[in-house]
Amino acid sequence: MTTISGNGDGTEGAAAKRGIQAFWGALYDSLYDDVDSSLTRERLIEGIDALEDMFRLRRHMAAIEMPLNSLKDKRVLEVGCSAGGHSALFARYGAHVTAVDLTSSRVRATAAKFALLGADANDCRALQADVEALPFADASFDIVYSNGVLHHTNDTEKALDEVFRVLKPGGRAVIMLYCKSSWHYWVNLWLCIGVFKGRAFADENWLGKATEWGGKDTQKIANPITRCYTAGDIRRLFWRFHDVTLRKGEFYLYLIPKLGRFYRRWQIKRYGTHPGGYLAYGAPWPVQSPLELRLGRLIGFAWFIQATKSDQ
Ligand SMILES: C[S@@+](CC[C@H](N)C(=O)[O-])C[C@H]1O[C@@H](n2cnc3c(N)ncnc32)[C@H](O)[C@@H]1O
């Protein structure tokens, strides 16, 4: 395991990175510890199969934009691997995965999954590293994959410069970033929390504080950074890349403040839960209704982005 080389620019940057590590460390240890501490090779393999099935059901980029059937012997970098479920799935398809995260406990959790997979995680490694200063040579990877990470780091532009640099010419970035042109941003977050609770006018980091809650323990540390993007913002961020395609997904009625919890109870009774959630969230995932899946394409909170580094 390496130590973090680029821990932010100057004191403020370094303090922000420590805040990111403290927040994600506490949240994810509380979410994943139960599942991770009882994981065996058999349970992990069952969990990976369930994870893939859940991704297909949700039309998540891990099973749609990621070319799972042609990952064999591809060099894949996952940025912000967290629990390591996505990386373990790519490893099972024969990719040589390098998984990085800023938070050391997340790196250990991912490394443990590679160790349980043994020969099925051929040439896979987990390292502690900062996406804004990746410790890899130029043109090292065929694919860089990152799910919901780059909008939580200090400098998203710098992170994308790094993603571009470490991709081989002709290589592909598969990245999820939060979508501003979405119901969740405008109604649940901006209107209900930002305006009705007055947070948007009182706190510069109101969006960070309004997102990413959900651990089993009460969170004492606030999420330091969350950003959301319009389609135009994404095109500007990915200016160096070619063939940039955007697809929207992920709409959940249970996220509607106050009323959502009643819907969630009904949803679980009506549609049940899916075991794919164990590796992704430390708990079974409440299955989305067909209506939510359809609405996700129009007003979902995720941009699933694919972009290519030109081979010229
Ligand atoms: C929302 S979680 C995403 C986790 C995972 N990709 C998933 O889909 O479950 C964000 C993760 O990104 C990591 N992270 C945040 N900033 C980072 C940075 N600058 N470099 C590397 N990892 C970072 C955090 O430690 C955390 O594990």
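Remember, it's 1-based here, ligands and their atoms both numbered in the order they're listed.
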Going through the distances and angles, do Thr98 and Arg125 end up as a side chain to side chain donor-acceptor pair (under 3.5 Å)? CA-CA 5 Å; Thr98 297; Arg125 59 191 174 146; 3.0 Å; yes
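Residue Gly148 has at least one heavy-atom neighbour below 4.0 Å for each of these atoms of ligand 1: 1 (C), 2 (S), 3 (C), 10 (C). Interface atoms of ligand 1 facing Asp130, defined by a heavy-atom separation under 4.0 Å, are 18 (C), 19 (N), 20 (N). Those atoms of ligand 1 that come under 4.0 Å of a heavy atom in Ala129, given as number and element, are 20 (N), 21 (C).
Assignment of Asp101 to the shell around ligand 1 is supported, since a heavy atom sits closer than 4.0 Å. Proximity of Val79 to ligand 1 is not established, as no heavy-atom distance is less than 4.0 Å.
For atom 4 (C) of ligand 1, the nearest non-hydrogen atom of the protein is Ser82 CB, 3.3 Å. Protein heavy atom closest to atom 14 (N) of ligand 1, with residue, atom name and distance, is Val149 CG1, 3.8 Å. Remark: minimum distance from atom 16 (N) of ligand 1 to any protein heavy atom is reached at Ile20 CG2, 3.6 Å. Scanning the protein for heavy atoms near atom 6 (N) of ligand 1, the closest one is Gly80 O, 2.7 Å. Scanning the protein for heavy atoms near atom 2 (S) of ligand 1, the closest one is Tyr28 OH, 3.2 Å. Given atom 3 (C) of ligand 1, the protein heavy atom at minimum distance is Asn147 O, 3.5 Å. Nearest non-hydrogen protein atom to atom 20 (N) of ligand 1 is Val131 N, 3.0 Å. The protein heavy atom nearest to atom 9 (O) of ligand 1 is His86 NE2, 4.1 Å.
For ligand 1, the polar-atom distance check against Trp24 finds no nitrogen or oxygen pair separated by under 3.5 Å. Note: an N/O pair closer than 3.5 Å links Thr103 and ligand 1 by distance alone.
In terms of modelled atom types and a separation under 3.5 Å, the side chain of Asp161 and the main chain of Lys158 share no donor-acceptor contact.
Defined by atom type and a distance below 3.5 Å, a donor-acceptor pair is present between the side-chain atoms of His86 and Tyr145.
One distance of note links OH of Tyr178 with CE of Met176; it measures 5.5 Å at 0.5 Å rounding.
By the 4.5 Å heavy-atom criterion applied to side chains, His151 and Tyr229 are counted as neighbours.
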Residues 247-261, side-chain donor-acceptor partners within the protein, below 3.5 Å, at least two apart:
residue, atom, partner, partner atom, Å
Arg247, NE, Glu65, OE2, 2.8
Arg247, NH1, Arg59, O, 3.1
Arg247, NH2, Arg59, O, 2.9
Arg247, NH2, Glu65, OE1, 2.9
Lys248, NZ, Ser181, O, 2.9
Lys248, NZ, Leu298, O, 3.0
Glu250, OE1, Arg58, NH2, 3.4
Glu250, OE1, Tyr252, OH, 2.4
Glu250, OE2, Arg58, NH2, 2.9
Tyr252, OH, Arg58, NE, 3.4
Tyr254, OH, Arg264, NH1, 3.4
Arg261, NE, Lys258, O, 3.3

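At a heavy-atom cutoff of 4.0 Å, ligand 1 is contacted by no atom of Gln21, backbone or side chain.
For Tyr278, the OH atom is loosely surrounded, since the number of other residues' heavy atoms within 6.0 Å does not exceed 12.
The aromatic rings of Trp190 and Trp186 sit perpendicular, their planes meeting at an angle over 60°, well past the 30° parallel limit.
A cation-pi geometry, defined here as NZ or CZ lying under 6.0 Å from the six-membered ring centre and within 45° of its normal, holds between Lys309 and Phe164.
Counting only residues at least two apart or in different chains, ring-ring contact (aromatic ring centres under 6.0 Å, His included) contacts with residues 106-140 comprise Phe136-Phe141.
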